[in-house]
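What follows is a set of notes on a single structure, which appears directly below.
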Amino acid sequence: MSQRKIVIEPDPILRKKSEMLETVDDELRALLDDMLETMYDAPGIGLAAVQVGILKRLIVIDISKDKEKKNPLFLINPEIISSSKKTSVHEEGCLSLPGHFAEIERPAECQIKFIDYNGKEKKLKADGLLATCIQHEVDHLNGILFIDYLSKLKKDMIVKKLIKHKKELDKVIL
Ligand code: ZN
């Protein structure tokens, strides 16, 4: 397993739509393992492949609070098949928008179908933090970031700060 570099907004790749996968093989599983390691190290609770620069419909999630008991969820070609009318608000952050958080309202529950780590088709009903996390990550596969739900003013302010942050990172590298 090896860690991958996380893409930081603004970056045009984060706005692209990811592609469906045809087969689940060892190469794909190695990528999922890398994504999981990258996510744990960050640390974060969800990561989409586009965030490591790969435009494939792949997501890793682990919302377990206990670090000793890891409970990773691998979603290949996830698709939201239904969502509740009832909504909930969670404070969201994103590994591609380091240091920024905002309260986002989304459907409180959702049901998805996906392919698992072993290539099996599965369905999952989610609520609470998991439902929010799944919707946030599926948004990534469609080129959507949580800041897109904010006012233009708030969004512009965050992007401006991220540009400054990226310039500072470049200085360190030079
Ligand atoms: Zn994110």
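Just follow the structure's listing: the first ligand is 1, and inside any ligand the first atom is 1. This structure is a prediction, so every number in the text was calculated from the model and none was measured.
Using a cutoff of 4.0 Å between basic side-chain nitrogens and carboxylate oxygens, Lys86 and Asp127 are not scored as salt-bridged.
In summary, of the residues considered (Asp34, Asp41, Thr38), a side-chain hydrogen bond (donor to acceptor under 3.5 Å, both in side chains) with Arg4 occurs for Asp34 alone. Each of Arg106, Gln135, His100 was checked for a side-chain hydrogen bond (donor to acceptor under 3.5 Å, both in side chains) with Glu92, and the lone residue meeting it is Arg106.
Note: the hydrophobic cluster containing Val159 also contains Leu97 (ILVMFWY, side chain heavy atoms under 4.5 Å, direct or indirect links). If you chain together hydrophobic residues whose side chains sit under 4.5 Å apart, Leu162 and Ile6 fall into the same group.
Around the Zn ion (ligand 1), protein N, O or S atoms at less than 2.8 Å comprise Cys94 SG, His136 NE2, His140 NE2.
The list of side chain to side chain donor-acceptor pair (under 3.5 Å) pairs with a residue in residues 5-14, not counting sequence neighbours, is empty.
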